[in-house]
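Heads up: the structure comes next, in structure tokens.
Throughout, protein chains are lettered first and strands after them, A, B, ... in sequence-line order, and every chain is numbered starting at 1.
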2 protein chains.
Amino acid sequence: MSSSAEENYIKAIFTIAERTGKGASTTAIAAQLSTKASSVTDMVKRLNEKGLVDHRPYHGVTLTDQGTRIATQIIRKHRLWETFLVNHLHYKWDEVHELAEQLEHIDSDDLHDRLDKFMDHPKFDPHGDPIPDKEGRIVDMAGAVPLAEVPKDTLVHIVGVKDSSPAFLKLLDGLGLKLGTQLTVNRRFEFGNSVEVSSRFRSGLLLQEEVSLQLIVKPL
Amino acid sequence: MSSSAEENYIKAIFTIAERTGKGASTTAIAAQLSTKASSVTDMVKRLNEKGLVDHRPYHGVTLTDQGTRIATQIIRKHRLWETFLVNHLHYKWDEVHELAEQLEHIDSDDLHDRLDKFMDHPKFDPHGDPIPDKEGRIVDMAGAVPLAEVPKDTLVHIVGVKDSSPAFLKLLDGLGLKLGTQLTVNRRFEFGNSVEVSSRFRSGLLLQEEVSLQLIVKPL
DNA sequence: CTAATTGTTTAGGCTCGCCTAATTATGGAT
DNA sequence: ATCCATAATTAGGCGAGCCTAAACAATTAG
């Protein structure tokens, strides 16, 4: 029903709305997809005619219920494939995004249900992002907060990353940080709003706000 | 480098050449892809400009070495995915073709090498067709012949099917025949060039030439 | 050898998805 | 309330891939 191009727009609109809490502007969509604003205008018109988006110029594009359903299914497929690639084909967590961007467009609900079952219904992908179930429900990550907001002397463990770019993930690898790693905030510094944390393997690790805002943790 | 559409043409040309031993005519390609001859002319021109095919009008389109390499890689991907779908996601052998047609266009040699490794380098897909290795080498099926050509009182086992259509595969399921099934030709009849075979579970099974030509077996 | 049939290409047109350049509309600052 | 920077749209065009209808070429049958 939807082409890959359409699906990419729908996903972009969804993630922009999620990130900003507002409708996605023409310009924002263009930036997200590395395309031009005029192309976005074109596509938004098409998606609107298909009943997948609403558009109030200068106030953003929002997904209709139907559009939202499509978006969550694409995200489900994306995260299922990422999980498969990491857990079964032994890719590293910073290597799977591009591949999943291709695989997410495979058109078969049944295939993805089977993949889900094959992996025993994983709840989170390799970056800690929740995998929507086949009805589109997403478990909510109650209690999860950026490391930057954690008070001194709290024991937490890493449950996700806000930034899944290869660069950031490789940085974490280099610091010996991965999902599940337990951390305690030892000290908090005014300067650069940085925190000093200790893990079992490394203590006195100083993290700038730039990092600690992207690291999602949960108290233990 | 190649679009899905181009890949489909290349694959079609390859399989027609394999089936007929000759270059693929414009008409044959059109039939294979359920498209029109004029569309084929268009695409053949493009593929020719890319150096993937040669074309002598009225004598058929043939793949260049480069085109052949692409074709075998697509077939490799197709058969790897079919194997994955059947062996790991528990699809039936008549259900996987369409899905593999989508998955075969995923652009990543590495992914398919890993998939190959994950499955322990399978040599044949669920229909008994050989899976090219990453250099494009295909194991040759020495000694494999259509059941129709097997002399009386020979013990054979099924190693492949020439026709992988769901209809034919379901027929085989209905007859209790699958890859590996051992058969003996009890009798051969003039009429319809049919053969009577026995398996461990069923004896006196009469097969028309239409079926026995499609069943590839190997003497034991 | 010619004619008829079949195969192939050409011409022109369509949609999708993208582009650039030019234009218009708007929200926000003054 | 007006003006401006920014956002958005329009207009026109392009390539890929497909189509129909018409023209044309070649194989093969007579």
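- No hydrogens or angles considered: nothing links the side chains of A/N48 and A/H55 as a donor-acceptor pair under 3.5 Å.
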B/R46 vs B/D42, test: salt bridge (Lys or Arg N to Asp or Glu O under 4.0 Å). Steps then yes/no. CA-CA 7 Å; B/R46 276 192 291 269; B/D42 271 7; 5.0 Å; no

Show the numbers, then the answer: is there a side chain to side chain contact (heavy atoms under 4.5 Å, CB included) between A/I216 and A/V145? CA-CA 5 Å; A/I216 309 300; A/V145 290; over 6 Å; no

Sugar-phosphate atoms are those with a prime plus P, OP1 and OP2; base atoms are the rest. Using that split, label each nucleotide of nucleotides 24-30 of chain C B, S or - for protein heavy atoms under 4.0 Å, 5' to 3'. -BSS---

Between B/L103 and B/L85, does the side chain to side chain contact (heavy atoms under 4.5 Å, CB included) criterion hold? Intermediate values first, please. CA-CA 11 Å; B/L103 290 158; B/L85 294 173; 4.3 Å; yes

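- Residues of residues 15-26 of chain B having a heavy atom closer than 4.0 Å to DNA chain C, listed by number: B/S25, B/T26.
- Residues from residues 29-56 of chain B placing a heavy atom under 4.0 Å of any atom in DNA chain D, listed by number, are B/T35, B/K36, B/S38, B/S39, B/D42, B/M43, B/R46.
- For D/dA8, one of the phosphate oxygens OP1 or OP2 lies less than 4.0 angstrom from a side-chain nitrogen or oxygen of A/T27.
- At whole-Å resolution of the value, CG in B/N8 and P in D/dG17 are 10 Å apart.
- Ion pairing between a basic and an acidic side chain is recognised when a charged N comes within 4.0 Å of a carboxylate O; B/R69 and B/D65 show no such pairing.
- Tested against B/L177 for a side-chain contact (heavy atoms from CB on, under 4.5 Å), the candidates B/I158, B/V197, B/L169 yield a single pass: B/I158.
- Tested against B/R76, the residues B/D113, B/D109, B/D125, B/D133 include a single salt bridge (charged side-chain N to carboxylate O under 4.0 Å, His left out) partner, B/D113.
- Taking the six-membered ring where tryptophan is involved, the planes of B/W81 and B/F84 are perpendicular, since the angle between them exceeds 60° and thus also 30°.
- The salt bridge (charged side-chain N to carboxylate O under 4.0 Å, His left out) contacts involving residues 12-22 of chain A comprise nothing, where partners must be two or more places apart or lie in separate chains.
- Residues from residues 98-105 of chain A lying near DNA chain D, meaning a heavy-atom separation below 4.0 Å, are absent.
- A donor-acceptor distance shorter than 3.5 angstrom exists from the side chain of A/T72 to the backbone of A/T68, with no hydrogens or angles considered.
- Of the options A/K11, A/K77, A/R79, a salt bridge (charged side-chain N to carboxylate O under 4.0 Å, His left out) to A/E104 is made by A/K11 and by none of the others.
- Checking A/N193 against A/E209 by side-chain atom types alone, a donor-acceptor pair falls below 3.5 Å.
- Note: A/F118 and A/H88 meet the aromatic proximity criterion, with ring centroids under 6.0 Å apart.
- Side chain of B/Y91 to main chain of B/E82: no donor-acceptor pair is present (N/O by atom type, distance under 3.5 Å, no hydrogens or angles).
- Bending across the helix from C/dC1-D/dG30 to C/dT30-D/dA1, expressed as the angle between its end axes from five pairs apiece, amounts to 10° (10° rounding).
- Under a 4.0 Å N-O distance rule, the pair A/E6/A/K50 qualifies as a salt bridge.
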